[in-house]
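Please read all numbers here as calculations on a predicted model, not as lab measurements. Labels below follow one simple rule: chain letters A, B, ... track the order of the sequence lines, proteins then strands, and each chain is numbered from 1.
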Protein chains: 2
Amino acid sequence: MAKRRRVGNLLALAVLAALVERPRHPYEIAAVLRARGKDQDMPIKWGSLYTVVANLERHGLVAAVESGRQGRRPERTVYRITEAGRAELVDWTRELVAVPEREQPRFEAGLSVLGVLRPDEALELLRQRLDRLEAQLAAQRAALAGHAREVPRIFLIEAEYDLAVREAEATWVRGLLDELTTGALPGLAEWRAWHETGAVPPEWADLADRGTEPHGGLADLADRGTEPHGDLADLADRGTEPHGDLADLAERGTEPH
Amino acid sequence: MAKRRRVGNLLALAVLAALVERPRHPYEIAAVLRARGKDQDMPIKWGSLYTVVANLERHGLVAAVESGRQGRRPERTVYRITEAGRAELVDWTRELVAVPEREQPRFEAGLSVLGVLRPDEALELLRQRLDRLEAQLAAQRAALAGHAREVPRIFLIEAEYDLAVREAEATWVRGLLDELTTGALPGLAEWRAWHETGAVPPEWADLADRGTEPHGGLADLADRGTEPHGDLADLADRGTEPHGDLADLAERGTEPH
DNA sequence: AGCGTAATACTCGTCTACGAGTAATCGGCG
DNA sequence: CGCCGATTACTCGTAGACGAGTATTACGCT
């Protein structure tokens, strides 16, 4: 699963889809994508477009049809999709639809380091996200409803999907916000205390060390102390580090926010 | 918003977060990330790790503390986070949390070209996705429940978020599947007919050529004066090949399925 | 004691993404 | 009818992402 594509950029998928209808030159492809609102979720990157088309050609997925100037416009190359390209488009689509891939949304990355902010600031920022999210959702819903009157729903499924997922996100954020305001979230008090005093709460002291041992992994939490040699020396080193934790604490004192 | 980061890779965020606790050498950072399950959503790319650390150092966000071999292990460089790095971490986190960014999920890309598949194949593939999704969800739920016994929920919110969003995805897919099996989805019959006969259904004929005229796409920029979103009606183009082009016609004869 | 395997800690080179620039052409206006 | 700004169509350089490889050390097993 997730076979390596000769041309991996998703822009290539859009290019192939645009060329399946008829041969076009790159700039026209860009125009079509823009006209279809593709540039909303994926602003067109010119460098990538030409690289991607060139790569598609190199791999025989598209082929140049004609070149040279027509009318009075600058020179340009028109490409058509090849049989291999058509096959790639279909196969790629199959994979994208059938295989759920773990992705890495930026918000999730943000959540994973949320602890670096003070809880009340986190609360405020989450509120902002929710506001923006709701505004975007309202706009999306309106746009979708408008288009649903002109076009069969089949053509709108990716918009519907996007809407559904983002609604779920909004709901989830709302729930988290609620737990933060009511103080229901376990660990909240320690989080707050840590930011106020600068000291790691005793309940969390051992959590920081996970996976720092060689051969690491959660498993050897249990193994600690029975580890024969070498690893313990390593841990000892850490304790005697010239400016290790002290420097860290010193800096935290001067930290602005 | 979405200010350009000196080091844009999200891996850099994880690195900064790992260094905030204490100075570490790159390999140890990787070990920590792995131990915390970060490699689940983002398998560790060695090349990127060292490039990212080097870039962080170049921009003064981290600094080398010591180098040379300790114990009997190979040489290594230990890095600590700097004041600037701490500021960047905090600022970046703020942005990631507060600003919802339209992303480009692979599944959505797949949906947007779903028309290239026959409806019954699409149905089958969506079923496969749902199966896999449910299996993954079950595993995630179990893992989360396991961790929840050892660690305060605060450390698990990104996993909870991921779970919530993927559950929403599963629900949405289930709904779509239902509409496809019952035939309730408007446009389904035409989609099927098009794949069986190769002819564009008359209902869609007029939707076909929007935004493709030379000079076009841009010409209707005027229409969009009020709404920044493109005219989604143009989505109708998808999968409606005009039968005018010689190269295109020649190839279509040899097209499989 | 010696061998094989696993883990450690990187390095290097290729391949890709992308944006800032550039040159040609068009269309409109005075 | 010639100039100006917008549009068209692309090029190129740089920075980044990434994986395959490499060398060293530890450890179990016989």
Sequence neighbours excluded, which residues qualify as side chain to side chain contact (heavy atoms under 4.5 Å, CB included) partners of A:A84?
A:L61, A:T82

Does [N] have its OP1 or OP2 closer than 4.0 Å to a side-chain nitrogen or oxygen of [X]?
X     : N      : answer
A:N9  : C:dA17 : yes
A:Y27 : D:dT8  : yes
B:H25 : C:dT8  : no
B:N55 : D:dG16 : yes

Over how many whole Å does the gap from [X] atom [atom1] to [N] atom [atom2] extend?
X     : N      : atom1 : atom2 : result
B:E28 : C:dC10 : CD    : C1'   : 15 Å
B:R5  : D:dG16 : CZ    : P     : 15 Å
B:R58 : D:dT14 : CZ    : P     : 13 Å
B:R6  : D:dA15 : CZ    : C1'   : 16 Å
B:L10 : D:dC18 : CG    : P     : 11 Å
A:R24 : D:dT8  : CZ    : P     : 15 Å

Distance-only criterion, 3.5 Å: show the donor-acceptor pairs between side-chain atoms of residues 43-56 of chain A and protein atoms not counting sequence neighbours.
from	atom 1	to	atom 2	distance (Å)
A:T51	OG1	A:G47	O	2.5
A:N55	OD1	A:R58	NH2	3.1

Sorted by chain and number, sequence neighbours left out, salt bridge (Lys or Arg N to Asp or Glu O under 4.0 Å) with A:R132 holds for none

Applying salt bridge (Lys or Arg N to Asp or Glu O under 4.0 Å) to A:E169 and not counting sequence neighbours gives A:R129

What residues form a side-chain hydrogen bond (donor to acceptor under 3.5 Å, both in side chains) with B:Q104, not counting sequence neighbours?
none

Salt bridge check: are A:R106 and B:E103 linked by an N-O gap of less than 4.0 Å?
no

Using heavy atoms and a sub-4.0 Å distance, could you list which residues of residues 43-52 of chain A are near DNA chain C? By number, please.
A:K45, A:G47, A:S48, A:T51

